[in-house]
Asks: 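Below you'll find the structure I mean.
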Amino acid sequence: MPMPEKPSLIFRGRVADQIVEDLRRQILDGTLPDGSRLPSERELAAHYDVSGPTVREAIRVLTATGLVNTRNGSRAVVTAQGDTLLAVSIASLVQVDKVSGREVFGLLGALNAYAAELAATQASDEEVTRLREASQAIPASEGVTQTAAALRGFFDTLSAISHNPCLPHCAGSSPKCRSSSQ
């Protein structure tokens, strides 16, 4: 189990905030990659020369921001995936700035229009066929659950055939983003 790097500089201020910032930096730069386990609370406390409650506070913040996942009795696991971070950021924006659903859906509409524009110029004939099949599944679906799944399939396909790696995350169509919004 590799220990996180020692912070280069310690500034005055809340120690837990400094630990959060140091671990956040290491997660985002890949030193602590997605899926890796953080050292135990005891190891982190010794590493940073702080108490257990200070480490727990830092881990709670990282959990709330979607960078780690914790379960009782086990060590925290890094969960730094772009779509999760984006979903947490959008949810925070909605809460803090009181952004309405209409504004979020407007943004999603603009992103999907951009995906369609890219797909029109970049998609292969086979990909266009897949999109056509996905669009035909929408009116053929029955009930809310089936229709939602068909719409999701259409937008998943659209963002994939746009060949822009950001769009599946931004348009909320990547599997991880969907599971975090349900």
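All of these numbers come straight from a predicted model, not from anything done at the bench. Residues take their numbers from the sequence shown, with the count starting at 1.
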Asks: With the threshold set at 4.0 Å, does a side-chain nitrogen-carboxylate oxygen contact exist between Glu133 and Arg130?
Replies: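 Salt bridge: no.
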Asks: Measuring from atom CD of Glu21 to atom CG of Leu62, what distance do you get when rounded to the nearest 0.5 angstrom?
Replies: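 So the CD of Glu21 and the CG of Leu62 are separated by 9.5 Å.
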Asks: Does either side chain, that of Ser51 or that of Thr54, offer a donor lying less than 3.5 Å from an acceptor on the other one?
Replies: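 On atom types as modelled, these side chains qualify, holding a pair under 3.5 Å.
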Asks: Would you indicate whether the side-chain heavy atoms of Arg132 and Val128 approach each other to under 4.5 Å?
Replies: yes
Asks: Can Leu151 be reached from Val144 by stepping across I, L, V, M, F, W or Y side chains whose heavy atoms are under 4.5 Å apart?
Replies: no
Asks: Taking all heavy atoms of Thr147 and all of Ser141, pick out the closest pair and write down the distance.
Replies: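 For Thr147 and Ser141, the tightest heavy-atom pair comes out as OG1-OG, 3.1 Å.
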Asks: Can you tell me how far CD1 of Ile19 sits from NE2 of His47, rounded to the nearest 0.5 angstrom?
Replies: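 Here the interatomic distance stands at 9.0 Å.
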Asks: If you define the side chain from C-beta out and look only at heavy atoms, does anything of Leu23 sit under 4.5 Å from Tyr48?
Replies: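 Side-chain contact under 4.5 Å: yes.
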Asks: Heavy-atom distance under 4.5 Å between the side chains of Leu167 and Leu111, does that happen here?
Replies: yes
Asks: Is it true that Asp22 and Gln26 share a donor-acceptor pair across their side chains at a distance under 3.5 Å?
Replies: yes
Asks: Nearest 0.5 angstrom please: Ile138 CD1 to Phe154 CZ, how far?
Replies: 6.0 Å
Asks: Is Leu118 reachable from Leu107 through a run of hydrophobic residues whose side-chain heavy atoms are each under 4.5 Å from the next?
Replies: yes
Asks: Quick check against the 3.5 Å criterion: does Glu103 have a side-chain atom that pairs as donor or acceptor with the backbone of Ser100?
Replies: yes
Asks: For Ala115 and Ser159, work out which heavy atoms get closest and say how close.
Replies: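 Where Ala115 meets Ser159 most closely, the heavy atoms are CB-CA, 4.4 Å.
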Asks: Got a second to check how far Leu44's CG is from Arg56's CZ, nearest 0.5 Å?
Replies: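 It comes to 12.0 Å.
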Asks: Out of the candidates Asn69, Leu32, Leu67, only one should pair with Val78 under the side-chain contact (heavy atoms from CB on, under 4.5 Å) rule; please name it.
Replies: Leu32
Asks: Show the nearest heavy-atom pair for residues Ala16 and Ala58, with the distance to one decimal.
Replies: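 Nearest pair, atom of Ala16 first, then Ala58: O-CB, 3.8 Å.
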Asks: Does Asp29 use its side chain to pair, donor to acceptor, with the backbone of Thr31 at less than 3.5 Å?
Replies: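 Yes, Asp29 side chain to Thr31 backbone: donor-acceptor pair under 3.5 Å.
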Asks: Consider only side-chain heavy atoms of I, L, V, M, F, W and Y, link residues closer than 4.5 Å, and tell whether Val77 and Val20 are in one cluster.
Replies: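 In one cluster: no.
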Asks: Side chains of Ser40 and Glu43: any donor to acceptor distance under 3.5 Å?
Replies: yes
Asks: Can you check whether His163 reaches Glu127 side chain to side chain, under 4.5 Å on heavy atoms?
Replies: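 With C-beta onward as the side chain, the pair touches.
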Asks: Shortest non-hydrogen contact from Thr70 to Ala76?
Replies: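 Answer, listing the atom of Thr70 first, then Ala76: CG2-CB, 3.7 Å.
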Asks: How far apart are the closest heavy atoms of Ile59 and Leu38, and which atoms are they?
Replies: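 Result for this residue pair: CD1-CD1, 3.5 Å.
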